[in-house]
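Written out below as C-alpha coordinates is the structure these notes cover.
Within every chain, numbering begins at 1; the chains are lettered A, B, ... in the order of the sequence lines, protein sequences first and strands thereafter. Remember, it's a predicted structure, so these values are computed and weren't measured experimentally.
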Amino acid sequence: GDSVTQMEGPVTLSEEAFLTINCTYTATGYPSLFWYVQYPGEGLQLLLKATKADDKGSNKGFEATYRKETTSFHLEKGSVQVSDSAVYFCALIQRNTGNQFYFGTGTSLTVIP
Amino acid sequence: DVKVTQSSRYLVKRTGEKVFLECVQDMDHENMFWYRQDPGLGLRLIYFSYDVKMKEKGDIPEGYSVSREKKERFSLILESASTNQTSMYLCASTPGAEGNTIYFGEGSWLTVV
(Lines give C-alpha, C1' and ligand atoms only; values in the text may rest on other atoms or scores of the structure.)
Protein backbone atom coordinates (compact mmCIF):
# COMPACT_ATOMS: atom_id res chain seq x y z
CA GLY A 1 0.00 0.00 0.00
CA ASP A 2 0.86 3.65 -0.10
CA SER A 3 3.19 4.99 2.55
CA VAL A 4 5.61 7.75 3.46
CA THR A 5 8.91 7.30 5.27
CA GLN A 6 10.77 10.24 6.69
CA MET A 7 13.96 10.49 8.66
CA GLU A 8 13.65 10.07 12.36
CA GLY A 9 14.46 12.86 14.69
CA PRO A 10 14.93 14.69 16.73
CA VAL A 11 17.16 17.00 14.75
CA THR A 12 19.04 19.78 16.52
CA LEU A 13 20.78 22.49 14.53
CA SER A 14 22.44 25.79 15.24
CA GLU A 15 20.91 28.92 13.82
CA GLU A 16 21.90 29.54 10.17
CA ALA A 17 22.80 25.89 9.58
CA PHE A 18 21.62 23.99 6.50
CA LEU A 19 18.63 21.72 6.95
CA THR A 20 17.70 18.53 5.13
CA ILE A 21 14.87 16.27 6.20
CA ASN A 22 14.60 13.18 4.03
CA CYS A 23 11.29 11.83 2.80
CA THR A 24 10.65 8.88 0.51
CA TYR A 25 7.35 7.45 -0.57
CA THR A 26 5.76 4.31 -1.92
CA ALA A 27 2.76 4.78 -4.15
CA THR A 28 1.20 3.57 -7.33
CA GLY A 29 0.28 6.13 -9.91
CA TYR A 30 1.13 9.79 -9.54
CA PRO A 31 0.56 11.13 -6.06
CA SER A 32 0.80 14.74 -4.96
CA LEU A 33 3.38 15.39 -2.24
CA PHE A 34 3.29 17.76 0.69
CA TRP A 35 5.26 19.04 3.64
CA TYR A 36 3.31 20.16 6.68
CA VAL A 37 4.66 21.94 9.75
CA GLN A 38 3.33 21.75 13.29
CA TYR A 39 4.40 24.42 15.76
CA PRO A 40 4.15 23.62 19.47
CA GLY A 41 0.58 23.27 20.66
CA GLU A 42 -0.94 23.81 17.23
CA GLY A 43 -2.41 21.84 14.37
CA LEU A 44 -0.64 21.13 11.10
CA GLN A 45 -0.17 23.85 8.49
CA LEU A 46 0.73 23.40 4.86
CA LEU A 47 4.33 24.39 4.22
CA LEU A 48 4.68 23.48 0.54
CA LYS A 49 3.48 21.02 -2.05
CA ALA A 50 4.24 19.57 -5.47
CA THR A 51 1.72 17.87 -7.70
CA LYS A 52 3.85 16.26 -10.40
CA ALA A 53 7.33 14.95 -11.07
CA ASP A 54 10.14 17.55 -11.14
CA ASP A 55 7.93 20.19 -9.56
CA LYS A 56 9.60 22.21 -6.83
CA GLY A 57 7.54 23.47 -3.93
CA SER A 58 8.84 26.41 -1.94
CA ASN A 59 7.73 28.61 0.93
CA LYS A 60 9.39 30.62 3.72
CA GLY A 61 12.85 29.64 2.46
CA PHE A 62 12.02 25.92 2.45
CA GLU A 63 12.17 23.89 -0.75
CA ALA A 64 11.43 20.35 -1.86
CA THR A 65 11.60 18.77 -5.31
CA TYR A 66 9.36 15.89 -6.42
CA ARG A 67 11.77 13.21 -7.66
CA LYS A 68 9.90 10.34 -9.25
CA GLU A 69 13.06 8.40 -10.15
CA THR A 70 14.10 8.21 -6.50
CA THR A 71 10.54 8.45 -5.05
CA SER A 72 11.72 11.25 -2.80
CA PHE A 73 10.61 14.68 -1.62
CA HIS A 74 13.37 15.91 0.67
CA LEU A 75 12.86 19.17 2.56
CA GLU A 76 15.71 21.69 2.55
CA LYS A 77 16.42 25.14 3.92
CA GLY A 78 19.68 26.99 3.50
CA SER A 79 19.72 28.85 6.81
CA VAL A 80 17.41 27.85 9.65
CA GLN A 81 16.13 30.18 12.34
CA VAL A 82 15.02 29.57 15.89
CA SER A 83 11.45 30.19 14.74
CA ASP A 84 11.70 27.12 12.46
CA SER A 85 11.67 24.84 15.50
CA ALA A 86 8.68 22.57 14.91
CA VAL A 87 7.66 19.10 13.80
CA TYR A 88 7.70 18.52 10.05
CA PHE A 89 5.48 15.95 8.32
CA CYS A 90 5.84 14.62 4.81
CA ALA A 91 2.59 13.48 3.21
CA LEU A 92 1.10 12.21 -0.01
CA ILE A 93 -2.34 12.03 -1.48
CA GLN A 94 -3.21 9.30 -3.91
CA ARG A 95 -5.97 10.34 -6.18
CA ASN A 96 -7.58 6.94 -6.55
CA THR A 97 -8.16 6.51 -2.81
CA GLY A 98 -10.73 9.23 -2.41
CA ASN A 99 -8.45 11.99 -1.25
CA GLN A 100 -7.02 9.98 1.62
CA PHE A 101 -3.75 11.41 2.85
CA TYR A 102 -0.80 9.36 4.06
CA PHE A 103 1.58 10.97 6.55
CA GLY A 104 5.08 10.21 7.71
CA THR A 105 5.71 9.95 11.42
CA GLY A 106 7.10 13.47 11.68
CA THR A 107 10.57 14.88 12.32
CA SER A 108 11.13 17.19 15.26
CA LEU A 109 13.49 20.08 14.58
CA THR A 110 15.04 22.26 17.28
CA VAL A 111 17.12 25.24 16.26
CA ILE A 112 19.37 26.69 18.94
CA PRO A 113 20.73 30.25 18.91
CA ASP B 1 -8.82 31.45 4.48
CA VAL B 2 -10.13 28.01 5.23
CA LYS B 3 -10.97 27.57 8.84
CA VAL B 4 -11.35 24.28 10.65
CA THR B 5 -12.51 24.80 14.20
CA GLN B 6 -12.38 22.22 16.94
CA SER B 7 -14.67 23.06 19.81
CA SER B 8 -12.42 22.07 22.68
CA ARG B 9 -8.67 22.53 22.95
CA TYR B 10 -8.21 20.73 26.25
CA LEU B 11 -10.43 18.15 27.89
CA VAL B 12 -10.08 15.91 30.91
CA LYS B 13 -12.54 13.02 31.14
CA ARG B 14 -12.96 10.03 33.38
CA THR B 15 -12.68 6.42 32.27
CA GLY B 16 -16.03 5.20 30.97
CA GLU B 17 -17.40 8.63 30.12
CA LYS B 18 -18.88 9.35 26.71
CA VAL B 19 -16.86 12.03 24.96
CA PHE B 20 -17.82 14.21 22.02
CA LEU B 21 -15.25 16.09 19.96
CA GLU B 22 -16.78 18.57 17.57
CA CYS B 23 -15.30 19.94 14.37
CA VAL B 24 -16.68 22.56 11.99
CA GLN B 25 -15.26 23.76 8.67
CA ASP B 26 -16.40 26.89 6.88
CA MET B 27 -15.38 26.20 3.26
CA ASP B 28 -18.05 23.76 2.10
CA HIS B 29 -15.52 20.93 1.87
CA GLU B 30 -16.73 17.50 0.87
CA ASN B 31 -14.25 15.45 2.86
CA MET B 32 -13.59 15.50 6.57
CA PHE B 33 -11.20 13.45 8.69
CA TRP B 34 -10.35 12.61 12.28
CA TYR B 35 -6.78 11.71 13.20
CA ARG B 36 -5.06 11.04 16.45
CA GLN B 37 -1.46 12.01 17.00
CA ASP B 38 0.84 10.22 19.42
CA PRO B 39 4.59 10.59 19.98
CA GLY B 40 6.57 8.32 17.68
CA LEU B 41 3.46 7.19 15.79
CA GLY B 42 2.69 10.29 13.78
CA LEU B 43 -0.87 10.80 12.56
CA ARG B 44 -3.22 7.85 12.41
CA LEU B 45 -6.55 8.06 10.64
CA ILE B 46 -9.55 7.13 12.77
CA TYR B 47 -12.51 7.86 10.48
CA PHE B 48 -13.29 9.95 7.46
CA SER B 49 -16.37 11.09 5.61
CA TYR B 50 -16.99 11.94 1.95
CA ASP B 51 -20.42 13.37 2.38
CA VAL B 52 -23.24 13.99 4.78
CA LYS B 53 -24.27 10.82 6.62
CA MET B 54 -21.41 8.90 5.04
CA LYS B 55 -18.47 7.55 6.99
CA GLU B 56 -15.55 5.25 6.37
CA LYS B 57 -13.24 3.53 8.83
CA GLY B 58 -9.64 4.58 8.86
CA ASP B 59 -6.72 2.67 10.29
CA ILE B 60 -7.72 2.69 13.96
CA PRO B 61 -11.53 2.96 14.30
CA GLU B 62 -11.89 0.70 17.34
CA GLY B 63 -13.39 2.48 20.31
CA TYR B 64 -14.59 5.42 18.21
CA SER B 65 -17.60 6.41 16.17
CA VAL B 66 -18.43 9.48 14.11
CA SER B 67 -21.41 11.52 13.01
CA ARG B 68 -21.85 13.79 10.05
CA GLU B 69 -25.39 15.17 10.01
CA LYS B 70 -24.41 18.41 8.27
CA LYS B 71 -21.77 19.01 5.65
CA GLU B 72 -19.80 21.45 7.76
CA ARG B 73 -19.74 19.42 10.97
CA PHE B 74 -17.97 16.16 11.77
CA SER B 75 -18.11 14.78 15.29
CA LEU B 76 -15.89 12.15 16.89
CA ILE B 77 -17.45 10.10 19.67
CA LEU B 78 -15.73 8.00 22.27
CA GLU B 79 -18.52 5.78 23.55
CA SER B 80 -16.66 4.78 26.71
CA ALA B 81 -13.37 6.60 27.15
CA SER B 82 -10.33 4.64 28.20
CA THR B 83 -6.89 5.77 29.32
CA ASN B 84 -5.30 4.53 26.09
CA GLN B 85 -7.38 7.11 24.24
CA THR B 86 -5.44 9.92 25.90
CA SER B 87 -4.06 11.72 22.87
CA MET B 88 -4.12 14.75 20.62
CA TYR B 89 -7.04 14.61 18.18
CA LEU B 90 -6.89 16.48 14.90
CA CYS B 91 -9.79 17.24 12.61
CA ALA B 92 -9.15 18.03 8.97
CA SER B 93 -11.00 18.72 5.72
CA THR B 94 -10.37 18.82 1.99
CA PRO B 95 -12.41 19.93 -1.01
CA GLY B 96 -13.73 17.26 -3.32
CA ALA B 97 -11.24 18.01 -6.09
CA GLU B 98 -8.21 15.80 -6.52
CA GLY B 99 -4.80 16.68 -5.23
CA ASN B 100 -5.94 19.45 -2.97
CA THR B 101 -4.49 20.53 0.32
CA ILE B 102 -5.75 19.13 3.60
CA TYR B 103 -6.60 21.73 6.22
CA PHE B 104 -6.29 21.02 9.92
CA GLY B 105 -7.87 22.35 13.06
CA GLU B 106 -5.71 23.29 16.01
CA GLY B 107 -6.22 20.01 17.78
CA SER B 108 -7.95 18.78 20.91
CA TRP B 109 -5.86 17.46 23.76
CA LEU B 110 -7.84 14.75 25.53
CA THR B 111 -6.71 13.27 28.81
CA VAL B 112 -8.63 10.29 30.18
CA VAL B 113 -8.05 9.63 33.88
Do A:Phe89 and B:Gln37 come within less than 4.5 Å of each other through their side chains, counting heavy atoms only? yes
For B:Lys57, I'd like to know if atom NZ has over 12 heavy atoms of other residues, nucleotides or ligands within 6.0 Å. no
Shared hydrophobic cluster for B:Leu78 and B:Leu11 (ILVMFWY, side-chain gaps under 4.5 Å): yes
Nearest heavy-atom contact between B:Thr94 and A:Phe101 is CG2-CE1, 3.8 Å
Output the residues of residues 36-45 of chain A for which the shortest heavy-atom distance to chain B is under 4.5 Å, in residue-number order; output 'none' if no such residue exists. A:Tyr36, A:Gln38, A:Gly41, A:Glu42, A:Gly43, A:Leu44
Verify same cluster id: B:Leu45, B:Trp34 (apolar side-chain graph, 4.5 Å): no
Find out if a path of hydrophobic residues (ILVMFWY) with successive side-chain heavy-atom gaps under 4.5 Å connects B:Leu90 to B:Tyr10. yes
Nearest 0.5 angstrom please: B:Thr101 OG1 to A:Leu48 CG, how far? 10.5 Å
Quick one: which residue pairs count as a disulfide bond (SG atoms under 2.5 Å apart) with a foot in residues 18-47 of chain A, not counting sequence neighbours? A:Cys23-A:Cys90
Should A:Tyr102 and A:Leu47 be counted in the same cluster of Ile, Leu, Val, Met, Phe, Trp and Tyr side chains packed under 4.5 Å apart? yes
Atom group of B:Arg44 that falls short of 4.5 Å from chain A, counting heavy atoms: neither
For A:Glu8, does the CD atom sit with more than 12 other heavy atoms under 6.0 Å from it, leaving out its own atoms? no
Path from B:Phe33 to B:Tyr47 over hydrophobic side-chain contacts below 4.5 Å: no
Looking at CD1 of B:Ile102 and CG of A:Leu46, how far apart are the two atoms once the value is rounded to the nearest 0.5 Å? 10.5 Å
